[in-house]
Amino acid sequence: MLVKGETIQQTVEHVRLFSDERKPVGQLWVTNFRLIFREEEGGSVYNELRMPISQIGGVAKGRSNKTSLRVYCKNLITLHFSFSTAQDAKLIQKALGSSAGTNTVRGRKSVSPLPCKQEFPEHKDGWKIYSPTQEFCRQGVLKEDGSPKGGWRLSTLNRNYKLAPEYPGSSVVPE
């Protein structure tokens, strides 16, 4: 569930998310990469909300009491969480502050983005990370060796991007 380099900074249980009329209860996790709210039902994950730390614009205590937090996201979504105790709210607020560099803007903590820690050791050249042939094989359009399958074949007519500069160098076309 966690990506390479991602570590859990804080976990709090029995958190209520005020997002819709259901007001689900679940676990709230803060990692060095994202905020995760997991709603569980009957021992299995029912729903999960993930917000990258880089998309969090600020964190503020709730207006009415000390057991709630508002997370202001850069995409104009506000997540309102209610905790069992004020200590839980404080732990999450502190974890969000330590997950990224923070500064204070108008009394709210402003969270800045994290550097990407994902590594691709087998590819030193970033342009070689994506392979169209492997992707079409993964989608089941081509056989694993890249040969035609089910009436489709790989076309490399545009490999130099001269035929159509706005289209990819290789694509799948009918046989």
Side-chain angles (χ1 to χ4, degrees), residues 1-132 134-136 138-139 166-168:
M1 181 172 127
L2 300 178
V3 296
K4 185 177 181 180
E6 185 176 20
T7 57
I8 296 173
Q9 307 294 314
Q10 191 61 252
T11 305
V12 175
E13 303 215 8
H14 310 294
V15 178
R16 184 173 302 274
L17 172 62
F18 292 95
S19 63
D20 54 22
E21 51 280 339
R22 288 187 318 109
K23 297 178 182 57
V25 176
Q27 295 178 335
L28 188 63
W29 298 7
V30 177
T31 73
N32 58 333
F33 177 68
R34 58 189 161 173
L35 176 74
I36 304 169
F37 176 77
R38 294 183 79 182
E39 179 185 359
E40 296 182 1
E41 193 172 279
S44 61
V45 176
Y46 173 72
N47 200 4
E48 190 169 274
L49 171 105
R50 300 176 192 160
M51 182 61 65
I53 295 291
S54 63
Q55 290 301 306
I56 296 175
V59 180
K61 291 180 185 172
R63 295 178 186 146
S64 59
N65 60 38
K66 294 181 180 183
T67 61
S68 66
L69 280 181
R70 290 185 186 270
V71 178
Y72 299 96
C73 304
K74 293 178 183 176
N75 61 0
L76 304 180
I77 292 175
T78 299
L79 303 172
H80 182 191
F81 296 103
S82 178
F83 300 87
S84 301
T85 67
Q87 181 62 27
D88 287 346
K90 215 175 204 179
L91 287 172
I92 292 297
Q93 187 175 21
K94 185 177 180 183
L96 282 172
S98 67
S99 289
T102 60
N103 56 17
T104 303
V105 178
R106 295 186 191 142
R108 294 185 187 147
K109 281 193 170 183
S110 176
V111 182
S112 60
L114 291 174
C116 178
K117 302 245 181 201
Q118 192 171 6
E119 296 174 15
F120 300 99
E122 65 276 2
H123 300 293
K124 300 222 184 253
D125 181 5
W127 289 103
K128 294 181 181 177
I129 292 172
Y130 174 76
S131 165
Q134 286 179 344
E135 180 61 17
F136 293 132
R138 183 192 69 78
Q139 294 173 6
E166 62 276 354
Y167 283 91

Enquirer: Name the one of V30, V59, V71 that satisfies side-chain contact (heavy atoms from CB on, under 4.5 Å) with Q93?
Expert: V59
Enquirer: Which atoms form the tightest heavy-atom contact between S68 and A89, and what is the distance?
Expert: N-CB, 4.4 Å
Enquirer: Tell me whether R34 contacts the main-chain N or O of R50 through its side chain, where contact means a donor paired with an acceptor under 3.5 Å.
Expert: no
Enquirer: Nearest 0.5 angstrom please: Q27 CD to H14 NE2, how far?
Expert: 8.5 Å
Enquirer: Going from CG on L17 to CG on N47, what distance comes out if it is rounded to the nearest 0.5 angstrom?
Expert: 9.0 Å
Enquirer: F83 versus L28: any side-chain heavy-atom pair under 4.5 Å?
Expert: yes
Enquirer: Ignoring hydrogens, what is the shortest heavy-atom contact between I56 and K74? Give both atom names and the distance.
Expert: O-CE, 3.9 Å
Enquirer: Taking atom CD of E135 as the centre, does the number of heavy atoms from other residues, nucleotides or ligands within less than 6.0 Å exceed 12?
Expert: yes
Enquirer: Under the side-chain contact (heavy atoms from CB on, under 4.5 Å) rule, collect the residues that match up with L91, sequence neighbours excluded.
Expert: Q10, Q87, D88
Enquirer: Hydrogens and angles aside, do E13 and T11 bring a side-chain donor and acceptor to less than 3.5 Å of each other?
Expert: no
Enquirer: Which heavy atom in F37 sits nearest to a heavy atom in V25, and how many Å separate them?
Expert: CZ-C, 3.9 Å
Enquirer: Answer yes or no: is there a side-chain heavy-atom contact under 4.5 Å between N75 and M51?
Expert: yes
Enquirer: With side chain to side chain contact (heavy atoms under 4.5 Å, CB included) as the criterion, how do L79 and L35 come out once you've worked through the C-alpha distance, each side chain's angles and the decisive distance to 0.1 Å?
Expert: CA-CA 11 Å; L79 303 172; L35 176 74; 4.1 Å; yes
Enquirer: Roughly how far apart are Q134 CD and Q139 CD, rounded to 0.5 Å?
Expert: 12.5 Å
Enquirer: Measure the CD-CD1 distance between Q9 and I53 for me, rounded to the nearest 0.5 Å.
Expert: 8.5 Å
